[in-house]
Amino acid sequence: MRKSLLGLAVATTLLSAVAHAEMANYAIDPSHTFVSFEIGHFGTSTNRGRFDKKEGTVQFDRTGKSGKVDVSVDAASINTGFASFEKHLRSPDLFDAEKYPTIKFVSDKFVFDGDKVTEVQGNLTLLGKTLPVTLKANQFNCYQSPQSKREVCGGDFDATIDRTAFGMDYGIKWGFPKNVRMIVQIEAVKQ
């Protein structure tokens, strides 16, 4: 009888600990979050651009080693520093920002090595097509912000995608590469 009570007490304690481990909610800090891309230009140089408008949420459970992310990017907010290039990027040739105003990345799979996030596996929606994409973490950290007095978590992530898989074929016949490097620098503030 004593062993049964002890076993019940241990089980109750463990279940209570599991029930208390839950994901914390974080809001993306747009001033420390950047979504950009790089693509080769005729093997000579690299074209780069970023999206200035982005928003989203992160849920993160360090103890349970899990997380979720939902990030939306305004396709029309593309910024290259060159107005005519941006106009072409927004056109139906490329991002077709009028027809597909939002680029979205959603994930519920964080991969850890110890306490560090090493990758985020999810789905990228671009030009109305959704495909799996894994963002590799080049660095990841959480810290107590001296300004907001809140925990901030984030890191630098990247992935190389085949743009033609999403239907973005412009320039392929002229020799433009199909592979595009996505770079996501993200910081999110605990709510």
Side-chain angles (χ1 to χ4, degrees), residues 6-38 50-78 95 100-162 165-166 180-191:
L6 181 60
L8 181 60
V10 169
T12 302
T13 303
L14 288 173
L15 286 174
S16 175
V18 169
H20 284 64
E22 60 183 54
M23 289 197 200
N25 293 313
Y26 296 76
I28 289 177
D29 176 358
S31 66
H32 290 96
T33 298
F34 300 95
V35 178
S36 57
F37 67 88
E38 297 176 346
R50 74 172 192 209
F51 297 91
D52 288 338
K53 294 181 183 174
K54 60 272 174 190
E55 62 183 16
T57 59
V58 176
Q59 292 180 313
F60 183 58
D61 178 0
R62 189 174 320 163
T63 305
K65 297 193 177 178
S66 62
K68 295 181 179 183
V69 65
D70 188 330
V71 178
S72 295
V73 174
D74 179 348
S77 73
I78 198 159
F95 285 99
Y100 302 104
T102 304
I103 301 165
K104 195 166 185 72
F105 180 76
V106 178
S107 168
D108 63 1
K109 176 72 173 162
F110 284 30
V111 177
F112 286 75
D113 180 9
D115 289 335
K116 294 287 187 182
V117 174
T118 58
E119 61 184 39
V120 177
Q121 300 170 359
N123 290 302
L124 177 67
T125 302
L126 175 65
L127 296 174
K129 189 166 187 177
T130 302
L131 294 171
V133 168
T134 297
L135 295 173
K136 302 278 185 193
N138 297 313
Q139 61 184 6
F140 181 86
N141 188 44
C142 294
Y143 67 94
Q144 190 67 24
S145 169
Q147 287 92 5
S148 69
K149 309 295 186 220
R150 293 181 182 178
E151 180 182 55
V152 177
C153 293
D156 290 343
F157 299 83
D158 71 75
T160 299
I161 63 167
D162 174 354
F166 294 91
V180 177
R181 181 173 178 235
M182 287 182 8
I183 304 106
V184 181
Q185 300 160 278
I186 188 166
E187 289 194 25
V189 181
K190 190 172 184 179
Q191 300 301 292

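The figures that follow rest on heavy atoms only: side chains count, while hydrogens, waters and symmetry mates do not.
No donor-acceptor pair under 3.5 Å is formed between the side chain of Glu55 and the backbone N or O of Val71. Remark: the backbone N or O of Gln121 is paired with a side-chain donor or acceptor of Ser107 at under 3.5 angstrom. For Lys65 (side chain) and Phe110 (main-chain N/O), no donor-acceptor pair under 3.5 Å exists by modelled atom type. Checked by atom type and distance alone, the side chain of Lys54 pairs as donor or acceptor with a backbone atom of Asp52 at under 3.5 Å.
Judged as a disulfide (SG to SG under 2.5 Å), the pairs with a partner in residues 101-159 (not counting sequence neighbours) are, in order, Cys142-Cys153.
Using a 4.5 Å heavy-atom cutoff, the side chains of Val152 and Asp29 are not in contact. A heavy-atom distance below 4.5 Å is not found between the side chains of Thr57 and Asn25. Between Asp70 and Lys104 the shortest side-chain heavy-atom distance falls below 4.5 Å.
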- Pair Lys116-Asn141, side-chain contact (heavy atoms from CB on, under 4.5 Å): steps then yes or no: CA-CA 7 Å; Lys116 294 287 187 182; Asn141 188 44; 3.8 Å; yes
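Nearest approach of Gln144 to Arg150, heavy atoms of both residues: NE2-N, 3.4 Å.
Between atom CG of residue Asp115 and atom OG1 of residue Thr63 there is a gap of 8.5 Å, rounded to the nearest 0.5 Å. In this structure, CG on Asn123 lies 8.5 Å from CG on Asp108, to the nearest 0.5 angstrom. Atom CZ of Phe37 sits about 10.5 Å away from atom CD1 of Ile161, to the nearest 0.5 Å. How far NZ of Lys53 is from OG of Ser72: 14.0 Å, rounded to the nearest 0.5 Å. Interatomic distance, Asp158 CG to Ser36 OG, rounded to the nearest 0.5 Å: 10.0 Å.
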In a table with atom names and distances, give each donor-acceptor pair under 3.5 Å that connects a side chain of residues 127-136 to protein atoms at least two apart or in another chain.
{"unit_1": "Lys129", "atom_1": "NZ", "unit_2": "Ala165", "atom_2": "O", "d": "3.1"}
{"unit_1": "Thr130", "atom_1": "OG1", "unit_2": "Thr125", "atom_2": "OG1", "d": "2.7"}
{"unit_1": "Lys136", "atom_1": "NZ", "unit_2": "Glu119", "atom_2": "OE1", "d": "2.8"}

Return a table of donor-acceptor pairs under 3.5 angstrom between the side chains of residues 182-191 and protein atoms on other chains or two or more places apart.
{"unit_1": "Glu187", "atom_1": "OE1", "unit_2": "Tyr143", "atom_2": "OH", "d": "2.8"}
{"unit_1": "Gln191", "atom_1": "NE2", "unit_2": "Val189", "atom_2": "O", "d": "2.8"}

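Every residue was checked against the side-chain hydrogen bond (donor to acceptor under 3.5 Å, both in side chains) condition with Thr33, not counting sequence neighbours, and none meets it. Residues meeting the ring-ring contact (aromatic ring centres under 6.0 Å, His included) test with Phe166, sequence neighbours left out: none. For Phe140, the ring-ring contact (aromatic ring centres under 6.0 Å, His included) partners two or more places apart in sequence, or in a different chain, are Phe60.
For an aromatic pair to be called close, the ring centres must be under 6.0 Å apart, and Phe105 with Phe157 fails this.
By the 30° and 60° cut-offs, the orientation of the rings of Phe51 relative to Phe95 is perpendicular.
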